[in-house]
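Below is one structure; the comments refer to it alone.
Bear in mind the structure is a predicted one, so any value in this text is a computation, not a measurement. Just so it is clear, the values below take in all heavy atoms, side chains as well, and ignore hydrogens, waters and symmetry mates. Per chain, numbering begins at 1; letters A, B, ... match sequence-line order.
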Amino acid sequence: MEALSAFLAMGGHGAFVWPAYGAAALILVGVLVASLARLRREERTLAALAAGATRRGRAKLRAAAEAEAGAGARS
Amino acid sequence: MTAFRAVLLRDLRLALRQGGDAAVVVLFFVLAATLFPFGVGPEPNLLARIASGVIWVTALLSVMLALDRLFLADHEDGSLEALATAPAPLLAAVLAKCLAQWLLAGVPLIVAAPLLALFLQLPAEGLPALLAALTLGTPTLVLVGAVGAALVLGARRGGVLLALLVLPLAVPVLIFGVAAVDAAVAGLPTRPHLLVLGALLLAALATAPFAATAALRQAIE
Amino acid sequence: MALHRFANPARFLRFSAVALPWFSVAAVACIAAGLVLGLVVSPADYQQGETVRIMYVHVPAAWMALMVYTVMAGGSVSALVWKHPLGDLVARAAAPIGAGFTLICLVTGALWGKPMWGAWWVWDARLTSVLVLFFLYLGYMALQNAFDDPTRGEKAAALLAIVGFVNVPIIKWSVDWWNTLHQPASVARLAGPSIHASMLVPLLLMGAGFTFYFAAVLLLRVRAEIAARRIRALRLVAMEG
């Protein structure tokens with residue numbers, strides 16, 4: 001117990017060491033969570049759009065894939 | 001070369017006909033610098049200490065202020081497309097526009113700088129160094145700024161964005177511009193600082209026009 | 001070029017599906033080991049005391065800030081010069097991660113500076129350069145999102161990344177020079193390569209962990225960018241058809 005509180009005190013500099021690690025963890029986790037949320041949102045939209053395209057016929061889906069390949073090559 | 005001269009003369013003529021643009025930039029320069037005594041107090045020693053920095057920072061901001069119009073009018077009325085498809089290289093037109101911009105918004109700042117040096121109690125030994133440093137530094141700012149101005153063409157809030165992009169890149173010019181003046185005031189040789197400013201100018205001259213041309217081609221695609 | 005094998009988005013997606021779990025596990029393992037070694041095992045510095053432990057996040061974050069900017073510039077070059085379809089996406093995806101690492105470096109630098117130098121911020125050459133780098137990241141991201149046409153934003157930002165990358169050494173050099181001119185006498189410096197192994201190992205482990213974290217999040221973000229590009233293409237087709 002005493003060892004733990006000594007560890008947390010960091011020789012009297014705990015007020016600087018722990019916020020530094022906390023801020024780093026907060027930023028790293030924040031970037032990760034934001035990236036995951038964005039990925040999930042885009043993939044859901046893409047799935048919805050692709051499903052709509054299938055209903056309208058496979059030809060359009062193929063056209064979309066070609067357009068995407070074209071757009072990818074151009075940019 | 002003919003294309004270069006044609007664009008240069010056209011830009012100068014347009015600016016003179018509209019008038020006022022250069023005057024507004026100089027007015028901003030003088031006004032912004034005279035705000036500092038109100039901020040820090042009129043104490044002459046303090047003003048003399050910060051004069052070189054204040055003049056350089058306000059000169060930097062004035063150049064930025066004028067820059068967002070560098071390609072904007074030509075982009076809006078379509079003459080940029082004409083320049084890009086003309087047989088003469090676009091690079092020549094970019095160089096001409098940069099030179100015109102410096103003559104219209106850089107040289108007036110150098111001319112007005114002695115007035116500010118007087119207002120801000122800059123020691124007299126510092127004045128030649130200030131003028132030399134501004135002469136070498138402001139073209140670099142225009143060249144680097146031209147790249148930014150070409151990049152933000154068609155962007156939302158282009159003017160503010162331009163400052164955000166270019167100001168960090170202007171840090172070296174600011175550092176050595178101020179250092180030259182401070183060295184002169186302290187009685188040290190100014191030559192090394194002016195040489196660095198010259199080197200920065202040459203480096204900008206060798207690279208920035210190409211980057212600006214590439215950015216312009218992107219903008220009109 | 002081996003890189004071109006991943007040029008095709010479909011192939012990239014397959015690669016990322018395989019690599020992502022490995023990168024994630026490696027990131028967690030390296031950071032966990034680095035934390036244990038850095039916080040518990042490694043000794044306190046004889047001069048700086050326990051505050052030296054801030055180094056194990058601060059210094060790797062500074063490395064990452066530079067490395068991510070290099071990746072961004074590399075992606076931009078490959079997009080502009082070789083029209084590599086993934087170059088733009090990688091550069092675009094890397095920017096927020098790099099800005100995050102730069103922010104970590106600045107915040108931990110302030111928290112380290114207060115006990116060591118007695119001030120939250122000093123115009124130390126390294127801190128100042130990192131601050132300018134942070135502004136470059138912000139400008140890059142602002143330019144990317146400033147256009148109604150996303151491709152125009154991508155291209156303009158790619159050019160800016162290259163211009164910025166060329167300027168970073170010049171800025172670093174001039175800030176170093178400026179700082180030696182105005183050097184405050186009290187600034188303590190880290191011992192350079194003579195750092196002891198008990199400190200070097202956790203430092204390198206944290207660096208490796210951050211690199212794997214970057215790789216994993218980069219894959220996630222590039223996947224999101226690919227999806228976004230497909231959505232754009234599908235919407236275009238839907239509008240035309």
Can you list the residues that meet the salt bridge (Lys or Arg N to Asp or Glu O under 4.0 Å) rule with C:E225, with sequence neighbours excluded?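 Checked C:E225 against salt bridge (Lys or Arg N to Asp or Glu O under 4.0 Å); matches are A:R38, C:R92.
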Which bit of A:L26 is near chain C, if near means a heavy-atom gap under 4.5 Å: side chain, backbone, both or neither?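 A:L26 has no heavy atom closer than 4.5 Å to chain C.
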Out of A:R41, A:R40, A:E42, return the one with the most heavy atom pairs under 4.5 angstrom to chain C.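 Heavy-atom pairs under 4.5 Å are most numerous for A:E42.
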Summary of salt bridge (Lys or Arg N to Asp or Glu O under 4.0 Å) pairs that have at least one residue in residues 203-214 of chain C, sequence neighbours excluded: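 Every candidate salt bridge (Lys or Arg N to Asp or Glu O under 4.0 Å) pair involving residues 203-214 of chain C fails, so no pair, neighbours aside, qualifies.
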Heavy-atom distance under 4.5 Å between the side chains of C:F101 and C:L66, does that happen here?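 No, too far: nothing below the 4.5 Å cut-off.
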Using a cut-off of under 4.5 Å on heavy-atom pairs, state which of C:T108, C:L80, C:I231, C:V107 scores highest against chain A.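 Among C:T108, C:L80, C:I231, C:V107, the one with the most close pairs to chain A is C:I231.
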Side chain / backbone / both / neither for C:L35 at chain A, heavy atoms under 4.5 Å: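 For C:L35, the contact with chain A is made by the side chain alone.
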So, does C:Y213 use its side chain to make a donor-acceptor pair with the main chain of A:L28 at under 3.5 Å?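 Yes, C:Y213 side chain to A:L28 backbone: donor-acceptor pair under 3.5 Å.
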